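Notes follow the structure.
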Amino acid sequence: MYERHRSAEPALPPAPRGTRAVLRSPSGVKIGDYVCRDGLFLQVADMRSAGTATQRVLLFDGHAPWLMTAPTITYRPIELA
């Protein structure tokens, strides 16, 4: 009988409304962007340099900091001109 194999990665929740997903390097992240951590979309409240442009410590309200060391999909609010 055919068995369906489940992916090892859990499905992401829907992206925050009014945002667009883009793969960004640590140097391209801005305050106000969202990243998905632990199945939740967390908004970047502040950030710190981690010594080089290829690493950033992202700070969130009510959640532990996260060291971003590689390009990651981030969600930025869409700006209407």
Side-chain angles (χ1 to χ4, degrees):
M1 179 172 207
Y2 176 77
E3 287 187 30
R4 187 174 210 180
H5 293 281
R6 291 186 178 217
S7 172
E9 296 179 20
L12 291 177
R17 289 188 81 163
T19 63
R20 189 173 86 193
V22 175
L23 182 65
R24 290 191 174 88
S25 66
S27 63
V29 175
K30 292 182 178 181
I31 292 173
D33 288 352
Y34 291 86
V35 294
C36 188
R37 303 297 312 148
D38 302 327
L40 301 171
F41 285 102
L42 302 172
Q43 190 170 27
V44 178
D46 203 358
M47 64 182 94
R48 302 284 185 262
S49 172
T52 69
T54 61
Q55 296 182 349
R56 290 270 168 101
V57 178
L58 304 183
L59 305 171
F60 311 100
D61 289 332
H63 200 274
W66 178 58
L67 179 62
M68 183 177 175
T69 59
T72 303
I73 299 214
T74 63
Y75 299 80
R76 184 168 292 166
I78 297 169
E79 297 179 15
L80 301 175

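Source: prediction; values computed, not measured. We count residues from 1, following the sequence as given.
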State plainly whether one hydrophobic cluster holds both [X] and [Y], where clusters connect Ile, Leu, Val, Met, Phe, Trp and Tyr through side-chain heavy atoms under 4.5 angstrom apart.
| X | Y | answer |
| --- | --- | --- |
| M68 | Y75 | no |
| W66 | I73 | no |
| V35 | L40 | yes |
| V22 | F41 | no |

**Request:** Dump the intermediate steps for side chain to side chain contact (heavy atoms under 4.5 Å, CB included) on V44 and V29, then the final yes or no.
**Result:** CA-CA 9 Å; V44 178; V29 175; 4.2 Å; yes
**Y34 and T74, any side-chain heavy atoms less than 4.5 Å apart** = no
**Close side-chain approach of R24 and T72, heavy atoms under 4.5 Å** = no
Which side-chain N or O atoms in residues 52-61 pair as donor and acceptor under 3.5 Å with protein atoms at least two apart or in another chain?
unit_1: T52; atom_1: OG1; unit_2: T54; atom_2: N; d: 3.3
unit_1: T52; atom_1: OG1; unit_2: T54; atom_2: OG1; d: 2.8

**Item:** Summary of salt bridge (charged side-chain N to carboxylate O under 4.0 Å, His left out) pairs that have at least one residue in residues 65-76, sequence neighbours excluded
**Value:** D33-R76
**Message:** For residues 37-52, which residue pairs pass the salt bridge (charged side-chain N to carboxylate O under 4.0 Å, His left out) check, not counting sequence neighbours?
**Reply:** D46-R48
**Fill in**
Smallest heavy-atom separation, P77 atom then G32 atom, equals CD-O, 3.8 Å
**Minimum heavy-atom distance between P71 and P26, given as atom pair plus value** = N-CD, 4.3 Å
